[in-house]
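Report on the following structure.
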Amino acid sequence: MENTVGGIKEMKSRLLADFPMLEHIRRFRPREFESLAMTVGRCADYGRRYVLPLALELDKKIKDEHDFFPWDLIRAGTSYKLLSLIIPKIVGGEGGLAVLFSLAMEELCSFCPGVGNIFGAHALGIAPLLVCGSITFWEKVLRKIVEEEKKGNPVLMAAAVTEPSAGTDVEEPNFLRTARLSMNAKKVRGGYILNGRKCFISNGSVAKYTVLCCATDSARPLETWTTFLIDKDMEGFSVPRVEVKMGQRACPAAELLFENCFVPEENVLSFEGMGMQPGTLLLLAASRAPVGAIATGIARGAYEWFLKWANRSRYGTRPVEKQRIQMALADMKTRIQVSRWTYMNAAMSFDLSMGRAMSSPILRSLGFIPQSVRTSGKYLDFFNSIKGKRLSGSILTFYAREDEITRALAYASMAKAVGGDTAVYVTSLALEHLGSEVCEEREWIEKAFRDAKLTQIYEGTNQLNMLTFFNTEIQKSLKIEMKRLKRR
Ligand SMILES: Cc1cc2nc3c(=O)[nH]c(=O)nc-3n(C[C@H](O)[C@H](O)[C@H](O)COP(=O)(O)OP(=O)(O)OC[C@H]3O[C@@H](n4cnc5c(N)ncnc54)[C@H](O)[C@@H]3O)c2cc1C
């Protein structure tokens with residue numbers, strides 16, 4: 001479906017059928033709805049033209065050549081602006097938040113979640129620059145991504161939290177206190193010296209910039225958890241290994257090694273010690289709904305291939321005529337819809353509070369400042385100073401209220417777990433009903449089955465997501481502490 005007038009109309013109808021709650025946006029913010037339909041239309045076009053013809057071949061190729069990266073495919077994505085979907089408009093991006101990005105993820109991942117996740121992991125790297133109000137990096141990093149994208153050069157990002165002996169433990173404040181950490185940052189004059197390893201980092205081997213969290217004092221990890229921006233060219237940084245993956249193979253998961261790597265003070269996002277509260281928690285509130293959407297896209301892809309298989313006639317009959325196939329299709333579609341509504345609810349909830357901050361008069365007014373000033377040393381230095389960081393922190397705190405954003409984290413955790421389980425359930429069901437028939441649909445469904453498992457693991461395992469939901473929504477013992485952003 002191309003972005004012609006007819007195409008957009010068709011996409012709008014499809015979106016309203018799949019997500020009745022978008023009617024509210026269509027009615028009261030028609031331009032935003034138009035932009036959602038255009039973006040999903042672009043993703044569909046990219047998927048159909050570039051991803052579909054290559055996805056199976058790519059999956060097989062990377063099985064044997066696991067560090068191969070499909071640069072040509074990502075380069076093709078630049079003309080669809082897939083790398084700037086969540087970059088703020090004031091630096092030339094599309095200005096989307098969780099709703100737009102989730103819809104894009106579902107669409108891309110219905111074709112190939114490995115390719116979709118390259119864009120997903122990229123956005124995971126961008127999100128901390130937004131939610132920590134790191135305005136300096138909007139100009140220094142995000143503008144570069146947009147400008148290079150216009151020239152057809154993909155500049156990718158990644159986010160690195162997991163360590164070899166600490167996965168679940170670095171995604172929850174209570175667990176972080178006792179986590180077995182192997183990586184640390186030591187304060188030195190003008191910056192920090194980083195030593196240690198991060199593992200399983202999606203896009204880690206291909207990203208120009210990686211946003212990384214680690215402790216500056218291993219004895220007090222929760223209090224000193226800090227977020228840094230790493231440039232791949234920094235001395236002391238290397239990528240010793242890329243994992244062999246079962247699914248989502250197109251997106252490399254890499255180990256990152258830091259050996260006396262000096263990171264300048266100016267590369268600290270927000271302030272030292274803000275890495276978990278609110279940093280990582282805000283990031284998870286932003287990213288778990290899109291991960292639910294990735295999983296939904298996988299389930300949808302498998303469902304669509306299964307439907308095609310079920311409608312194909314052999315020897316005068318079609319599988320869809322059998323009641324067990326009809327029930328399986330209804331079961332799959334029901335779960336996909338539940339998963340969709342759950343992630344959309346979470347995404348809307350995040351956008352409600354963070355969207356208010358991003359479209360606040362103060363942030364929008366920055367767009368009226370001439371670009372030459374915004375990229376000048378004085379402007380960048382101001383927003384990197386304590387005063388500037390406090391100001392951006394205050395804007396976020398004012399518009400994104402703690403109770404709202406904590407609820408967004410609760411819903412997002414729910415959406416991630418529901419999505420992951422849906423992807424695994426739907427792909428398994430499809431595979432079971434295919435029986436032993438050798439056919440094209442089988443190859444796609446088998447791939448989706450392998451791709452699905454990861455959605456129960458990354459962005460916090462589903463078990464952890466359930467704990468986050470319990471702590472935020474039922475026990476109410478976990479809250480995102482926005483106030484810390486300006487208290488410093
Ligand atoms: C392909 C891939 C890509 C990834 N991409 C990224 C990335 O881009 N960036 C990044 O930072 N990380 C990434 N990860 C890491 C991912 O987020 C972690 O794997 C995940 O958080 C789980 O951590 P772990 O593997 O150490 O498992 P563990 O934490 O060791 O957990 C093992 C099992 O124990 C359970 N468990 C652990 N603690 C508890 C508890 N307290 N209560 C109940 N159950 C518990 C878990 O649910 C899980 O089932 C990626 C992982 C993979 C496999």
Side-chain angles (χ1 to χ4, degrees), residues 1-2 6-7 10-11 13-15 17-18 40-41 43-64 70 73 106-116 245-250 293-340 419-456:
M1 197 210 74
E2 282 177 70
E10 196 188 306
M11 183 54 79
S13 314
R14 202 186 98 190
L15 285 180
D18 290 342
V40 185
C43 293
D45 195 42
Y46 171 70
R48 214 193 48 248
R49 272 184 208 218
Y50 294 97
V51 183
L52 203 57
L54 273 183
L56 285 180
E57 199 186 307
L58 193 62
D59 182 64
K60 283 183 195 139
K61 184 180 170 69
I62 298 174
K63 186 178 175 217
D64 301 325
L73 205 52
E106 182 191 318
E107 197 62 31
L108 290 172
C109 294
S110 70
F111 294 98
C112 174
V115 174
K245 292 173 75 181
M246 173 177 92
Q248 303 194 19
R249 286 183 179 141
I294 289 178
T296 311
I298 298 175
R300 174 181 138 198
Y303 165 83
E304 284 169 359
W305 283 109
F306 185 70
L307 186 62
K308 195 170 169 208
W309 170 86
N311 275 306
R312 194 153 41 77
S313 171
R314 30 326 226 172
Y315 312 114
T317 69
R318 293 174 304 144
V320 75
E321 287 160 21
K322 295 197 178 85
Q323 207 175 48
R324 71 177 174 88
I325 300 296
Q326 294 167 2
M327 288 190 306
L329 281 164
D331 190 6
M332 290 177 194
K333 182 85 185 177
T334 303
R335 286 172 197 257
I336 290 168
Q337 275 310 133
V338 169
S339 187
R340 270 190 179 135
D421 287 348
T422 300
V424 170
Y425 180 86
V426 168
T427 53
S428 313
L429 194 61
L431 210 50
E432 277 165 24
H433 282 284
L434 279 183
S436 56
E437 188 179 333
V438 178
C439 52
E440 191 202 355
E441 292 89 346
R442 181 183 194 89
E443 288 196 61
W444 287 97
I445 293 172
E446 276 186 5
K447 176 177 174 303
F449 178 74
R450 285 187 285 103
D451 291 335
K453 185 61 197 171
L454 186 52
T455 61
Q456 290 180 322

request  = Decide side chain to side chain contact (heavy atoms under 4.5 Å, CB included) for Leu58 and Val115; before the verdict, give the C-alpha distance in whole Å, the side-chain angles of both, and the deciding distance to 0.1 Å.
outcome  = CA-CA 10 Å; Leu58 193 62; Val115 174; 4.1 Å; yes
remark   = One should read off an interatomic distance between Asp18 CG and Met11 CE, to the nearest 0.5 angstrom, of 9.5 Å
request  = Going by the side-chain hydrogen bond (donor to acceptor under 3.5 Å, both in side chains) test, name the single residue among Glu440, Glu441, Glu437 that passes it with Trp309.
outcome  = Glu437
key: Nearest non-hydrogen partners of Ala55 and Lys447, listed with the distance   = O-CE, 4.0 Å
query = Passes side chain to side chain contact (heavy atoms under 4.5 Å, CB included), Val51 versus Leu108? Steps please.
reply = CA-CA 9 Å; Val51 183; Leu108 290 172; 5.5 Å; no
ask   = Is it true that Asp59 and Lys63 make a salt bridge, defined as a side-chain N closer than 4.0 Å to a carboxylate O?
value = no
ask   = Short question: side chain of Arg324, backbone of Lys322 - any donor-acceptor pair under 3.5 Å?
value = no
inquiry  = Whether Lys60 and Glu443 form a salt bridge (side-chain N of Lys/Arg under 4.0 Å from carboxylate O of Asp/Glu) is what I want to check.
reply    = yes
query = For Trp444 and Leu52, what are the C-alpha separation, side-chain angles and deciding distance, and is it a side chain to side chain contact (heavy atoms under 4.5 Å, CB included)?
reply = CA-CA 10 Å; Trp444 287 97; Leu52 203 57; 3.8 Å; yes
query = Considering all heavy atoms of both residues, which atom of Ala250 and which atom of Ile62 are nearest to each other, and what is their separation?
reply = CA-CD1, 3.5 Å
message = I want to check something: taking the side chain as every heavy atom from C-beta on, are Arg312 and Cys439 in contact at a cut-off of under 4.5 Å?
response = yes
query = At their closest point, which heavy atom of Ala295 faces which heavy atom of Ala423, and how far apart are they?
reply = O-CB, 3.5 Å
task = Would you mind checking if Lys61 and Asp64 are paired as a salt bridge, meaning a charged N to carboxylate O distance below 4.0 Å?
result = no
key: Gap between atom CD1 of Ile298 and atom CZ of Arg450 - 0.5 Å precision   = 11.5 Å
key: Heavy-atom donor-acceptor pair, Asp451 side chain to Gln248 backbone, under 3.5 Å   = yes
inquiry  = Any side-chain to backbone donor/acceptor pair from Arg249 onto Lys245? Under 3.5 Å, distance only.
reply    = yes
ask   = Can you name the nearest heavy-atom pair linking Ala310 to Leu329, along with the distance?
value = CB-CD1, 4.3 Å
request  = Take Glu304 and Lys308, measure what salt bridge (charged side-chain N to carboxylate O under 4.0 Å, His left out) needs, and give me the verdict at the end.
outcome  = CA-CA 6 Å; Glu304 284 169 359; Lys308 195 170 169 208; over 6 Å; no
request  = Measure across Gly47 and Pro53 and return the closest heavy-atom pair with its distance rounded to 0.1 Å.
outcome  = O-CD, 4.4 Å
ask   = With a 4.0 Å cut-off, would you call Glu446 and Arg442 a salt bridge?
value = yes
ask   = Does Glu107 pair with Arg14 as a salt bridge, N-O distance under 4.0 Å?
value = yes
Heavy-atom side-chain contact between Asp45 and Tyr50 under 4.5 Å = no
Enclosure of Phe111 CZ (heavy-atom neighbours >12, cutoff 6.0 Å) = yes
Among Ile325, Leu429, Val320, side chain to side chain contact (heavy atoms under 4.5 Å, CB included) partner for Phe306 = Ile325
Gap between atom CG of Leu54 and atom CG of Leu73 - 0.5 Å precision = 6.0 Å
Value rounded to 0.5 Å, distance of CG in Leu431 from NE2 in His433 = 10.5 Å
key: Least distance between heavy atoms, Ala302 atom then Thr427 atom   = CB-CG2, 3.7 Å
key: Heavy-atom check, side chain of Glu106 versus side chain of Cys43, under 4.5 Å   = no
query = Looking at Thr334, Asp421, Thr296, which hits side-chain hydrogen bond (donor to acceptor under 3.5 Å, both in side chains) with Ser339?
reply = Thr296
message = What verdict does the side chain to side chain contact (heavy atoms under 4.5 Å, CB included) test give for Met332 and Thr422, after you've listed the backbone C-alpha separation in whole Å, the side-chain angles of each residue and the deciding distance to 0.1 Å?
response = CA-CA 8 Å; Met332 290 177 194; Thr422 300; over 6 Å; no
